Amino acid sequence: MSKILVLGSLSTDFVATTDIRPDVGETVQGNSFFTTFGGKGSNQAVAASRLESKVIMLGKVGDDSFANSIVDNLSDNGVDVSCVESVTHTSSGAAVITISDSDNSIVYVPGANGCVDAEYVNKYKKEILSCDIAVAQHEVSEEAVEALANICEEGKIPFVLNPAPYRKVKESILEKATYLLPNESECKLLYPNLSIEEAVAKYPNKLLVTMGSQGVFFNDGEKSHLVPTFKVDAVDTTGAGDTFIGGFSTAISNGLSIEDSITLANLAASQSVTKMGAQGGMPKLEDLKNNKN
Ligand code: ADP
């Protein structure tokens with residue numbers, strides 16, 4: 001199995017469900033409360049590890065009581081956390097989520113994720129260069145992502161960039177990305193003057209656009225086409241994109257073609273949406289093998 005480096009965010013979601021959304025200054029009674037592990041970095045690392053990749057995580061936690069559980073969750077999922085650092089006098093990444101009438105209100109506090117900088121990434125150059133592929137998203141700083149892109153270029157390591165949440169991608173980072181994997185709305189923000197079809201045609205075999213229940217659109221150098229995903233009864237699509245990234249990185253770094261890697265990642269992501277929670281539905285390799293679709 002291949003070795004994957006994931007640079008990204010680590011956080012806890014604190015979720016309260018309520019019938020009445022509180023107004024300013026109001027206190028209401030909730031129905032339920034639960035915590036789940038999140039952060040796109042953590043989700044993608046867990047997704048790849050469940051598919052039996054060896055995963056090294058680069059990211060930071062704070063010095064609060066949530067830090068240990070965040071790191072333990074990664075370890076429990078087989079992710080190598082030896083490079084994860086804690087930042088003093090800082091909270092761990094947290095999302096405070098209120099769900100009412102199936103609509104979300106979210107306050108996201110980056111905390112220690114905001115302390116992931118280029119210096120930290122460069123410190124772990126040796127570990128990065130020991131990997132077969134590296135992955136990053138946008139919940140850590142641009143300078144950290146660029147430092148990883150530079151190391152990947154130097155070491156000729158494929159670099160997967162998931163430009164989520166959307167922020168402008170510098171040309172110097174874009175040109176170093178081997179694969180750019182936005183979802184449909186991020187693709188429209190990245191290329192406002194191009195249709196999805198025109199955008200993928202501009203970056204053949206590089207720009208792969210995830211399109212929710214439709215699958216993934218890309219151009220193979222000759223034609224643009226959709227690789228359909230699998231039909232499932234979706235109950236929670238949180239983390240679908242992260243499962244796709246973990247699956248794609250696993251498959252492509254094990255030598256599968258782009259199209260076969262998309263198919264495997266579609267299979268993993270489609271299974272993930274059949275269960276609640278970003279990480280709750282992420283399948284193991286044996287679950288994919290048992291799939292009857
Ligand atoms: P994001 O979660 O980043 O918004 P998408 O919604 O595009 O990303 O979903 C990512 C991938 O997850 C899709 O390309 C597909 O493989 C899978 N997926 C998402 N929603 C569904 C669904 N309803 N049914 C089957 N597969 C899905």
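For clarity, every value in this text was computed on a predicted model and none was experimentally measured. As the structure lists them, so they are numbered: ligands from 1, and atoms in each ligand from 1.
- Residues passing the side-chain hydrogen bond (donor to acceptor under 3.5 Å, both in side chains) test with Tyr203: none are found, sequence neighbours excluded.
- Remark: Lys123 engages Glu85 in a side-chain hydrogen bond (donor to acceptor under 3.5 Å, both in side chains) (not counting sequence neighbours).
- Pairs engaging residues 131-140 under the side chain to side chain donor-acceptor pair (under 3.5 Å) rule: Ser9-Glu139, Gln44-Gln137 [sequence neighbours left out].
- If you check the side chains of Lys3 and Ser130, you find a donor sitting under 3.5 Å from an acceptor.
- The aromatic rings of Phe218 and His225 sit tilted relative to each other, their planes meeting at an angle between 30° and 60°.
- Using cut-offs of 30° and 60° for the angle between ring planes, the Tyr124 and Tyr120 rings count as perpendicular.
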Need the list: ligand 1 N/O atoms against protein N/O atoms, distance under 3.5 Å, rounded to one decimal.
{"residue": "ligand 1", "atom": "2 (O)", "partner": "Gly241", "partner atom": "N", "Å": "2.9"}
{"residue": "ligand 1", "atom": "4 (O)", "partner": "Asn183", "partner atom": "ND2", "Å": "3.0"}
{"residue": "ligand 1", "atom": "7 (O)", "partner": "Thr210", "partner atom": "O", "Å": "3.3"}
{"residue": "ligand 1", "atom": "7 (O)", "partner": "Thr210", "partner atom": "OG1", "Å": "2.8"}
{"residue": "ligand 1", "atom": "7 (O)", "partner": "Gly212", "partner atom": "N", "Å": "2.8"}
{"residue": "ligand 1", "atom": "14 (O)", "partner": "Gly215", "partner atom": "O", "Å": "3.2"}
{"residue": "ligand 1", "atom": "16 (O)", "partner": "Thr229", "partner atom": "OG1", "Å": "3.4"}
{"residue": "ligand 1", "atom": "16 (O)", "partner": "Asn266", "partner atom": "OD1", "Å": "2.7"}
{"residue": "ligand 1", "atom": "26 (N)", "partner": "Thr229", "partner atom": "OG1", "Å": "3.3"}

